[in-house]
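Order of the sequence lines sets the chain letters (A, B, ...), proteins ahead of strands, with each chain counted from 1.
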Amino acid sequence: MKYWLMKSEPDAYSIEDFKKEKACLWDGIRNYQARNFMIKEMSPGDSFLFYHSNCKPPAIVGLGEISKQAAPDPTAQDPKSKYYDPKSTAERPIWECVQVKYKKTFKNPLSLTEIKENLFFKDMLLVQRGQKLSIQPVSAKHFNKILKLTE
DNA sequence: GCCAACGTTGGC
DNA sequence: GCCAACGTTGGC
């Protein structure tokens, strides 16, 4: 059982959208490191923190679960999608995505500012300089602490 | 809107 | 294979 943090811009897809849809494909990931986490490291049953990025305030706002292992990302082969990648074909797909399901919205979202202020989180990837991966592993220690602080 | 930090692309 | 130019991310 592993733990993750996944970023989404609320203007594009927010925790409220996620709650309404109950489940979705985590599509549109076009970064190899993030993709490899989905393909090689994620398993159904893993939990992830839903993070609102590029907004005010950036914060961890909810919880989800990986519900289906990685499979080719349909948006990569859809010419109408903004995530369309002509190099990725049905025969040789480049990009994959996992399916995720909604678990909960936190009563008390944990803002990036609060995470930075708390020395307990000083090793979290999220607060490392220059760290911009949209999918990151989270340690059990940090994950459990975040669940406590957000209740 | 600015810009630092990275990742990717493509000429050589 | 190097590296400059360009694009993207995302906090501020």
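- Backbone-only contact: A/K87 has heavy atoms under 4.0 Å from sugar-phosphate atoms and none from a base.
- A cation-pi arrangement is present between A/K141 and A/F120, with the terminal nitrogen or guanidinium carbon under 6.0 Å from the aromatic centre and inside a 45° cone about the axis.
- With a 6.0 Å radius and a threshold of 12 heavy atoms from other residues, nucleotides or ligands, A/Q69 has its CD atom at or below the threshold.
- Classified by interplanar angle (parallel below 30°, tilted 30° to 60°, perpendicular above 60°), the ring pair A/W95/A/Y32 is tilted.
- Exactly one residue among A/F143, A/F37, A/F48 makes a ring-ring contact (aromatic ring centres under 6.0 Å, His included) with A/Y3. That residue is A/F143.
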*List the protein contact pattern of nucleotides 5-12 of chain C with one symbol per nucleotide (5' to 3'): B for base contact, S for sugar-phosphate-only contact, - for none; contact means a heavy-atom distance under 4.0 Å.*
----BBBS
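- When the options A/M6, A/Q99, A/K101 are evaluated for a side-chain contact (heavy atoms from CB on, under 4.5 Å) with A/I66, the one that passes is A/M6.
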